[in-house]
Amino acid sequence: MPSPPRIFILGSCVSRDAFELTEHGMQLAGYIARTSLASAFLTRPAPKEICMKTPEIASRFQRRMVEIDLRRRAPTMIAAAHFDVLLVDLIDERFNLARFGGSNTLPELFTLSRELAGVCGWAGPIVTPGTNQHLGAWKRGVGRLLKLVDPGRIVVNRAFWAATLEDGTPLENQAMIAESNRVLEVMYGYLERNGVGAVIDYPDGVVADPNHKWGIAPFHYAAGMYEIMVHKLQVICDRADLTQRDKAAAGPGETFSGGGE
């Protein structure tokens, strides 16, 4: 009997929550969240004084994710993991980036997630999502990712911000939602143009859950969205027979069971 597909998530709760809320028959082989591809694959760690602030983050999960970003652990974790599919979504590209060095064209960055911003007191330059500097750094991160993982093993979860709740009630900040989705459309398109052909999409759009365990937000989806994601991921894995490929090259890996906002 073939082993269940092993999925490593490089993304956000929109992908991770599906593995908790629906039956899926897959194994979660790893999870990295709350980091931008613009910073995750850089080599120079964030400044020591910033790294020293992470113990002040209350959530153990958030603290761990921040440390992965600041200390540039993502490449090593992904390279060592035992997985069949790298599932990528870009919802956490919503965070600002802190620039601590480099140049305008080759900046040194770390992801200024909400929890890190709350403890580090960063007062230096900020790179805003969707700007030319952000997209340039992000594209360089994509290039490094695609050197690390064959595009044929990557599945893109084309997750966008929901504009309404499940009952049709509009969410707040519609202009921000529209602008965030415009930037996401650009980035998802870039991944597809660079050889990542396996895509999960939502033809009828996405909607938010008013009773989501993490609270109301454009990226806290209704249960039906997770069911669509899991079903489409299962179809992709079955069609590609991913559980049988690249096993000889796969590393020992680590299984992750926790995580959240």
Side-chain angles (χ1 to χ4, degrees), residues 1-33 35 37 40 74 77-93 141-162 181 184-207 219-251 253-257 259:
M1 183 176 180
S3 59
R6 297 163 305 230
I7 313 298
F8 193 114
I9 297 171
L10 177 60
S12 72
C13 60
V14 299
S15 295
R16 175 64 181 91
D17 284 351
F19 284 78
E20 286 189 2
L21 302 178
T22 62
E23 294 294 327
H24 52 79
M26 292 176 279
Q27 178 183 343
L28 186 62
Y31 180 34
I32 297 174
T35 185
L37 296 186
M77 290 174 63
I78 294 171
H82 190 194
F83 65 90
D84 302 300
V85 166
L86 184 71
L87 180 63
V88 174
D89 75 72
L90 303 179
I91 288 295
D92 282 352
E93 295 294 339
V142 170
R144 292 170 177 143
L145 170 63
L146 297 182
K147 288 180 180 178
L148 184 63
V149 181
D150 187 323
R153 296 177 67 197
I154 298 175
V155 175
V156 176
N157 181 12
R158 279 177 53 92
F160 290 89
W161 288 35
N181 284 340
L184 285 170
E185 187 70 58
V186 170
M187 292 192 291
Y188 286 132
Y190 184 83
L191 288 175
E192 292 177 55
R193 290 194 302 275
N194 281 271
V196 181
V199 172
I200 296 168
D201 56 17
Y202 305 81
D204 298 324
V206 293
V207 292
F219 30 82
H220 294 164
Y221 293 165
M225 306 298 99
Y226 302 119
E227 292 167 2
I228 290 171
M229 192 210 88
V230 163
H231 171 71
K232 292 193 173 187
L233 183 57
Q234 288 169 331
V235 169
I236 290 169
C237 291
D238 289 344
R239 184 174 66 235
D241 194 20
L242 288 168
T243 59
Q244 300 304 314
R245 62 183 293 181
D246 294 323
K247 284 192 174 181
E254 178 181 4
T255 299
F256 290 72
S257 58

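Note that the numbering runs from 1 along the sequence shown for the chain.
- Atom CG in L10 sits 5.0 Å away from atom CD1 in I78 (nearest 0.5 Å).
- Under the 4.5 Å side-chain criterion, counting only non-hydrogen atoms from C-beta, D92 is not in contact with F219.
- At distances below 3.5 Å, at least one donor-acceptor pair connects side-chain atoms of R153 with backbone N or O atoms of F83.
- Taking the side chain as every heavy atom from C-beta outward, F8 and V149 never approach each other to under 4.5 Å.
- To the nearest 0.5 Å, atom CE of residue M26 and atom CD of residue Q234 are 4.5 Å apart.
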Just list the side-chain donor-acceptor pairs under 3.5 Å for residues 222-231, sequence neighbours left out, or say none.
{"from": "Y226", "atom 1": "OH", "to": "H212", "atom 2": "NE2", "distance (Å)": "3.0"}
{"from": "Y226", "atom 1": "OH", "to": "Y221", "atom 2": "N", "distance (Å)": "3.1"}

Check: residues 191-203 side-chain donor-acceptor pairs under 3.5 Å, at least two apart:
{"from": "E192", "atom 1": "OE2", "to": "R158", "atom 2": "NH1", "distance (Å)": "3.1"}
{"from": "R193", "atom 1": "NH1", "to": "G189", "atom 2": "O", "distance (Å)": "3.4"}
{"from": "N194", "atom 1": "ND2", "to": "Y190", "atom 2": "O", "distance (Å)": "2.8"}
{"from": "D201", "atom 1": "OD1", "to": "K232", "atom 2": "NZ", "distance (Å)": "2.9"}
{"from": "Y202", "atom 1": "OH", "to": "N157", "atom 2": "OD1", "distance (Å)": "2.7"}

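- Test D89, D17, T35 against S12 for side chain to side chain donor-acceptor pair (under 3.5 Å) and you get one pass: D89.
- Under the 4.5 Å side-chain criterion, counting only non-hydrogen atoms from C-beta, D84 is not in contact with C237.
- Between the CD1 atom of I236 and the CZ atom of R239 there is a distance of 6.0 Å, given to the nearest 0.5 Å.
- For the atom pair I9 CD1 and F19 CZ, the distance stands at 4.5 Å (nearest 0.5 Å).
- What you find for E93 and L37 is that their closest heavy atoms are OE2-N, 2.8 Å.
- Between I91 and W161 the shortest side-chain heavy-atom distance falls below 4.5 Å.
- Atom CG of D150 is separated from atom CG of L86 by 11.0 Å, given to the nearest 0.5 angstrom.
- Take Y188 and apply the ring pair (Phe, Tyr, Trp, His ring centres under 6.0 Å) test, not counting sequence neighbours, and it matches F160.
- Pairing each heavy atom of P5 with each of G25, the nearest pair is CD-O, 3.9 Å.
- Between I7 atom CD1 and L233 atom CG the span is 4.5 Å, to the nearest 0.5 Å.
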